[in-house]
Amino acid sequence: MGIATVGAFAIGEYPEGVAVMLFYSVGEVFQGMAVTRAKSNIKSLLDQRPDEVTVLKDGKPETVKAEKVNIGEIIQLKSGEKLGLDGELLSETASFNTSALTGESKPDTKIKGEAVLAGMINLNTVSQVKVTTAYKDSKLSKILEMVQNATAQKAPTELFIRKFAKIYTPIVVFLAIGITFLPYFFIEDYLFRDWLYRALVFLVISCPCALVISIPLGYFGGIGAGSRNGILFKGSNFLDILANVQNVVMDKTGTMTEGVFKVQEVNFNSELNKDEILKFVNALESKSSHPVATAIQEYVGEIDHSIQLENVEEIAGYGLKATVNGKELLVGNFKLMDKFNINYDIKSENIVYTLIAVAYDRKFVGYLTIADSIKADAQLTINKLKSLNVKTTMLSGDKTSVVKYVADQLGIQNAYGDLLPEDKVNKVKEIKAKNQTVAFVGDGVNDAPVVALSDVGIAMGGLGSDATIETADVVIQDDMPSKIPMAINIGKQTKKIVWQNIILAFTIKAIVLALGAGGLATMWEAVFADVGVALLAILNAVRIQRMKF
């Protein structure tokens, strides 16, 4: 563009030289506006951090900038105030609204010593939090930086256009030099000015601005559209993969179901002290972060801290084991009973509830039945995935009968229960062995290996977990499964717009190049073929940010 402008001035075509630069600048302004809009979508969604916090210095509250607070300092958090940094709760208990982070509307009660995260809102009494992470290293800051830098992970189309432009641009410049001087050797009435003008027209037409600007902008717009809808893409390449995804494999608990369990009934051996065993179970389950633990605590009541638990061990995919009063206590699924050779006479597969089996002193005590409710938008999610011709599979560590029941309710094509983390990995490997693309949706913590193995790992409301941030490629901020088909739609629309721009640019450039080679196109047509097409492509790319999905 620079060469063409200088050349136009050199041969006295001042209006055309000015037009080249003017329209090019207009194109740059449009591009800047579109990028700013996409960035603001991302930032407004994520920047939940308050700028100032109240720090206790020598017992006196003092308001300071959040980024200046050091690790180890104590923040005082009033009722209704938002936490500015990650920390550890010093108060005995405090309830927090975590919806900005996890999408979970139910208040989350934390006890002394538990981790609390930037973005959580204190709901009740004044609380004190000891800062454990610098402002720039908080989970919220990491996510904000991750998404704003998402364009570093380029889609294949975008990478190709960049490589293409690097090779294509110097070739075009040399061809323009050839158009200027080579006709001298073959044409009798050679006029340097005419052939230079044709070469300049050729240069302007063949400039790859429309592609180099609009294609990355299309992907960036897709990332911005996702952010506006509560979907965080870690890179534009994941938009491309989701556009062509063939299988969505999902976890059950917390993904398609609420993850809020309620105890339905307790079936214990009548010879034993039911209340005493329940207190033991409640104390042991308090060592786990699984939703089942919350259900048991709600049913039994406060934890009896006088119970001495020793050798507490969480066995992944099975349950919990500990020693109480010198006797072994096992709480988990029936596979845990089998693992420790505990005899029982229950046909667990016939009960369509999640079962928590209990054994004490090497004897089977009985079981608790626990039920979870299906999320309100789960059915809509499966219907939309079917309309997109995406196959659905549910994998869960829960009982097969429960998993099958939920899958039948929702119309999920394949469902497998009683799976350990490695079993989930093997199931996904089986699908991938058929050369099919797989998106796995889970909580991103227990499912980290399978999330990493899949073509696209999607985490549900996982801002509270480092494993989610590090492992997942897409994070659904508000925990709604209906955002899964929405993410696929955003990918499809982004890809469609990118290809519309590629076809538009190449078609118009080819037509005007042919006219230019025959001397029929002037610099004005050339400016349209480059800057005009670039503007059209930019406007088309911006469209995705206004779409409703």
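In this structure, the separation between OG1 on Thr255 and CE on Met480 is 14.0 Å, given to the nearest 0.5 Å. Atom-to-atom distance recorded for Glu285:CD and Leu368:CG is 9.0 Å, nearest 0.5 angstrom. Taking NZ of Lys429 as the start and NZ of Lys424 as the end, the distance is 15.5 Å to the nearest 0.5 Å. The distance from atom CD of Glu88 to atom CD1 of Ile74, rounded to the nearest 0.5 Å, is 10.0 Å. With rounding to the nearest 0.5 Å, the separation of CE in Met256 from NZ in Lys375 is 8.5 Å. Note that OG1 of Thr132 is 7.5 Å distant from CD1 of Ile71, once rounded to the nearest 0.5 Å.
Side-chain N or O atoms of Glu114 include one that pairs as donor or acceptor with a backbone N or O of Ile111 at under 3.5 Å. Side chain of Thr369 to main chain of Tyr353: no donor-acceptor pair is present (N/O by atom type, distance under 3.5 Å, no hydrogens or angles). Panel note: side chain Asn229, backbone Ala225; a donor-acceptor pair is recorded below 3.5 Å.
Taking the centre and axis of the six-membered ring of Phe268, the NZ or CZ atom of Lys274 falls outside the cone set by 45° and 6.0 Å.
Ion pairing between a basic and an acidic side chain is recognised when a charged N comes within 4.0 Å of a carboxylate O; Asp455 and Lys432 show such pairing. Taking 4.0 Å as the cut-off between side-chain N and carboxylate O, Glu328 and Arg362 count as a salt-bridged pair.
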Derivation of the side-chain contact (heavy atoms from CB on, under 4.5 Å) call for Thr494 and Tyr219: CA-CA 6 Å; Thr494 303; Tyr219 284 110; 3.7 Å; yes
CA sep, side-chain torsions, deciding dist, call: Asn282, Tyr299, side chain to side chain donor-acceptor pair (under 3.5 Å): CA-CA 9 Å; Asn282 195 22; Tyr299 182 79; over 6 Å; no
Steps toward side chain to side chain donor-acceptor pair (under 3.5 Å) verdict (Asp418, Thr400): CA-CA 6 Å; Asp418 293 308; Thr400 300; 2.7 Å; yes
Candidate pair Ile370 and Ile296, rule side-chain contact (heavy atoms from CB on, under 4.5 Å), full reasoning: CA-CA 9 Å; Ile370 291 179; Ile296 291 172; 4.3 Å; yes
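The closest side-chain heavy-atom distance from Val53 to Thr63 is not below 4.5 Å. Side-chain contact check for Leu242 versus Leu239: every heavy-atom pair is 4.5 Å or farther apart. Looking at Phe440 and Ile458, their side chains never come closer than 4.5 Å, going by heavy atoms from C-beta outward. Between Pro485 and Leu388 there is a side-chain heavy-atom pair separated by less than 4.5 Å. Using a 4.5 Å cut-off on side-chain heavy atoms (C-beta onward), Val402 and Lys252 make contact. Using a 4.5 Å heavy-atom cutoff, the side chains of Met337 and Leu330 are in contact. Looking only at side-chain heavy atoms (C-beta outward), Glu313 and Leu320 stay at 4.5 Å or farther from each other. Side-chain atoms of Thr392 and Met250, non-hydrogen and from C-beta on, do get closer than 4.5 Å to each other.
Between the side chains of Gln379 and Asn383, at least one donor N or O sits under 3.5 Å from an acceptor N or O. Side-chain contact, Gln436 with Asn247: a donor N or O sits under 3.5 Å from an acceptor N or O.
Checked against side-chain hydrogen bond (donor to acceptor under 3.5 Å, both in side chains), Asp304 has the following partners two or more places apart in sequence or in another chain: Ser306. Remark: Tyr344 pairs with Asp338 by the side-chain hydrogen bond (donor to acceptor under 3.5 Å, both in side chains) rule, at least two apart or across chains. Under the side-chain contact (heavy atoms from CB on, under 4.5 Å) criterion, Lys327 pairs with Tyr360, Asp361, sequence neighbours left out. Residues forming a ring pair (Phe, Tyr, Trp, His ring centres under 6.0 Å) with Tyr416 (at least two apart in sequence, or on another chain): none. Under the side-chain hydrogen bond (donor to acceptor under 3.5 Å, both in side chains) criterion, Thr437 pairs with Gln246, sequence neighbours left out. The side-chain hydrogen bond (donor to acceptor under 3.5 Å, both in side chains) test applied to Asp377 returns Ser482, not counting sequence neighbours.
Contact between Val312 and Leu309 at its shortest, heavy atoms only, is CG2-CB, 3.8 Å. In terms of heavy-atom proximity, Glu265 sits nearest to Asn267 at OE1-ND2, 3.4 Å.
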